[in-house]
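What you see is a predicted model, and the numbers here were worked out from it, not measured in a lab. Naming: A, B, ... by sequence-line order, numbering from 1 per chain.
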There are 2 protein chains.
Amino acid sequence: MPISLVDVASLAGVSLATASRVVSGSPYKVSSKTRERVLKAVGELGYTPNALARALVTDSNPIIGVIVGSVTDPYFAEICRGVEDFARPHEFLTIVCNADRNLSIEMAYLQMLREYKSLGIIIAGGMYTNTPETEAIREIVRKATEQGIQIVSVGDRFFEGVPTITADHRCGLYDLTNYLIHLGHKEIAFVEGPPDFTTSTSRKQGYLDAMDDANLEPLTYSGSFDYQDGRSSALRILSDGLPEAIIAFNDDSAVGVLNTLRQAGVKIPQDVSVAGVDDIRYAEVLDLTTVNVPMYQLGAMAAHAIFNWEENPPPKQVILPHRVVPRGTTARRVKLATIVSTVEGYPS
Amino acid sequence: MPISLVDVASLAGVSLATASRVVSGSPYKVSSKTRERVLKAVGELGYTPNALARALVTDSNPIIGVIVGSVTDPYFAEICRGVEDFARPHEFLTIVCNADRNLSIEMAYLQMLREYKSLGIIIAGGMYTNTPETEAIREIVRKATEQGIQIVSVGDRFFEGVPTITADHRCGLYDLTNYLIHLGHKEIAFVEGPPDFTTSTSRKQGYLDAMDDANLEPLTYSGSFDYQDGRSSALRILSDGLPEAIIAFNDDSAVGVLNTLRQAGVKIPQDVSVAGVDDIRYAEVLDLTTVNVPMYQLGAMAAHAIFNWEENPPPKQVILPHRVVPRGTTARRVKLATIVSTVEGYPS
DNA sequence: TTGTATGCGTTATCAA
DNA sequence: TTGATAACGCATACAA
């Protein structure tokens with residue numbers, strides 16, 4: 001970038017300070033005459049202010065960073081869109097950073113965003129609780145907030161003094177499990193998320209609570225985030241024998257379960273009901289019963305919080321409502337005996 | 001960020017220059033004794049160098065930017081992953097920027113990445129050709145390359161002096177169309193991508209060429225990127241009457257076509273074959289015939305080009321191989337008459 | 001081997 | 001209203 005403000009100033013025949021005043025939009029203190037001269041020079045030279053230098057001296061940068069757990073997870077894509085749609089009108093650029101659910105990488109991005117003096121940072125997703133970096137992250141987050149950067153956590157994750165905007169993952173699973181129970185199912189299996197991951201724990205707890213409240217025996221299978229994880233869990237379920245219903249930690253793994261079961265000849269929902277969580281776009285496409293987590297709104301609200309921090313400081317915590325979305329992969333439990341007994345003229 | 005190098009220097013009792021030498025890893029010119037003192041001060045103070053200031057003075061920044069057409073499009077998510085997996089070992093941070101297929105936004109990110117002195121910029125995806133910003137973008141790209149930033153285009157898009165890594169979209173569709181022709185289909189419809197978009201044009205051309213070479217009459221429907229677009233195209237197809245096969249511009253809209261047709265009672269592939277392009281992850285999940293575009297490799301190669309620019313300058317253009325992936329949504333054309341004639345003992 | 005001084009491109013604080 | 005000049009945090013050419 002060879003062309004700087006000094007070039008503009010000299011071409012316009014004014015001082016650097018004056019040139020700066022007009023391009024930086026500082027409180028009017030320059031005559032329209034000189035302003036025009038400067039603007040003309042800017043145009044002729046094709047000058048654009050250097051964001052780096054500007055951020056260095058103003059200690060602020062019109063960007064907001066979104067640190068996501070995984071770029072390839074549609075869950076986060078929706079959150080990003082929510083953030084961006086809100087940031088765009090403010091003329092802020094959104095930077096998305098893929099931490100790959102790795103706390104070291106997350107730290108690096110956090111540090112970067114901090115050094116860049118970004119207005120705000122949105123940390124999206126849950127976290128692994130069994131790693132040593134946890135404390136270091138909290139430290140960086142603390143420093144960043146002290147520095148004046150507005151941080152909000154979007155997901156099942158809490159930092160001291162940082163507002164959290166999330167859905168109630170425990171309750172979401174509680175409701176979904178209950179929905180299946182009300183459908184008449186008793187043997188309801190849960191394919192867990194990755195171990196030692198906050199969202200996993202919360203969701204599993206919701207399932208366990210619902211089963212417990214209904215005096216039903218819980219049945220869990222290990223699992224993780226992805227389609228392939230769902231597939232391998234399904235294979236284990238198949239070899240154990242089918243329950244009446246299966247809930248997976250999230251939609252992606254639920255789809256893995258769904259496909260594997262179907263390929264094994266299992267009819268869904270006739271033989272077994274299957275449900276996921278999140279309501280990613282493909283859940284609708286595949287007619288998968290799930291729990292809608294308002295990802296877009298989560299992102300939009302986080303951005304809203306950042307842009308209205310001063311006038312309207314965000315509360316410690318906001319819980320956005322979830323909603324069980326019944327679709328075609330779940331059905332009322334129908335025992336063979338029941339069928340026969342209900343068919344006219346054929347008493348059991 | 002209150003704590004800077006001067007703090008470190010004074011605490012260690014050395015000059016700013018000396019402190020800088022040890023933290024910046026410059027060619028050894030400092031005794032191990034003082035080095036140790038500085039390092040100790042760094043530790044005690046929790047000092048971290050400021051990336052902004054460093055970039056400003058060194059005119060370089062260990063980040064690489066990926067500008068994508070859409071964050072919610074899984075196509076780009078794969079590309080990002082390819083880039084990141086390559087950049088990570090180099091200790092470079094990857095920044096993903098969502099241009100939303102909007103050239104103004106793209107320009108803003110381009111400018112930002114340029115001012116940030118990023119090592120490289122990867123521009124992913126095609127572009128709209130009917131907008132006035134085209135020239136301005138070329139100008140920014142030119143300036144950025146002059147400035148020493150390594151830019152590579154990943155997709156159906158070409159800039160003067162900028163290497164392009166892409167698949168042959170025209171040929172991909174040519175091959176896919178041919179595949180359907182070899183399956184015995186003659187009435188093959190094409191659901192187009194958005195008008196005036198480079199990738200749309202290329203893919204459509206491939207379809208048209210294949211149809212022309214086979215002396216078949218082309219039949220096109222307007223469409224766009226998304227699932228919903230596929231749905232509305234499918235409705236129009238339904239009202240026109242079903243062809244023998246349908247190719248959609250990409251997988252996402254193909255899935256829209258698929259679902260809409262199925263909901264209307266159409267059997268796939270028995271009544272009509274359906275195929276998409278890209279081979280996004282859900283294409284496999286849905287058993288959709290498609291053309292595999294090596295998205296991950298596209299991203300990885302782009303990153304490779306950037307990191308090996310000096311020793312091994314990238315060629316003007318690299319075309320990565322595509323591959324028709326036959327799956328369950330396409331089948332050989334079977335006329336009723338044909339069936340009968342092939343069933344043993346029942347000549348037509 | 002270490003320190004001094006200058007510059008990177010801006011904004012901001014003072015005088016003028 | 002405008003202009004010097006000092007920061008911002010760091011790297012480096014040059015001097016010691």
Using whole Å, what does the distance between atom [atom2] of nucleotide [N] and atom [atom1] of [X] come to?
X: A/Lys117; N: D/dC10; atom1: NZ; atom2: C1'; result: 12 Å
X: A/Ile3; N: C/dT10; atom1: CD1; atom2: C1'; result: 14 Å
X: A/Asp7; N: C/dG9; atom1: CG; atom2: P; result: 9 Å
X: A/Gln147; N: D/dC8; atom1: CD; atom2: P; result: 14 Å
X: B/Asp59; N: D/dT12; atom1: CG; atom2: P; result: 11 Å
X: B/Arg114; N: C/dG9; atom1: CZ; atom2: P; result: 12 Å
X: B/Glu115; N: C/dG9; atom1: CD; atom2: P; result: 12 Å
X: B/Asn61; N: D/dG9; atom1: CG; atom2: P; result: 17 Å

Are B/Glu44 and B/Lys40 within salt-bridge range, i.e. N to O under 4.0 Å?
yes
The side chain to side chain contact (heavy atoms under 4.5 Å, CB included) partner of A/Val83 among A/Val154, A/Leu298, A/Ile122 is A/Ile122
Contacts of B/Gln150 meeting side chain to side chain contact (heavy atoms under 4.5 Å, CB included) (sequence neighbours excluded), chain-then-number -> B/Leu119, B/Ile306, B/Trp309, B/Glu310
Within the structure provided, determine whether B/Ile121 and B/Ile67 are in side-chain contact (heavy-atom separation under 4.5 Å).
yes
Is the NZ or CZ atom of B/Arg81 both under 6.0 Å from the centre of the six-membered ring of B/Phe86 and within 45° of that ring's axis? no
Practice prompt. Could you tell me how the ring of A/Phe92 sits relative to the ring of A/Phe307: parallel (under 30°), tilted (30 to 60°) or perpendicular (over 60°)?
Written response: perpendicular
Using 30° and 60° as the class boundaries, would you call the ring planes of A/Tyr116 and B/Tyr116 parallel, tilted or perpendicular? perpendicular
Requested in this report: Determine the contact category for B/Val14: base if any of its heavy atoms lies under 4.0 Å from a base atom, sugar-phosphate if only primed atoms, P, OP1 or OP2 are that close, otherwise nothing.
Outcome: sugar-phosphate
| request: Considering just the side-chain nitrogens and oxygens of A/Ser31, establish if one lies under 4.0 Å of OP1 or OP2 belonging to D/dT2. | output: yes
Protein heavy-atom contacts under 4.0 Å, written 5' to 3' over nucleotides 11-16 of chain C as B (base), S (sugar-phosphate only) or - (none), form the string BBB---
Of B/Leu56 and B/Lys33, the one whose closest nucleotide on DNA chain C sits nearer the 5' end is B/Lys33
Of the listed D/dC10, D/dT2, C/dT2, the closest approach to the B/Asn50 side chain comes from D/dC10
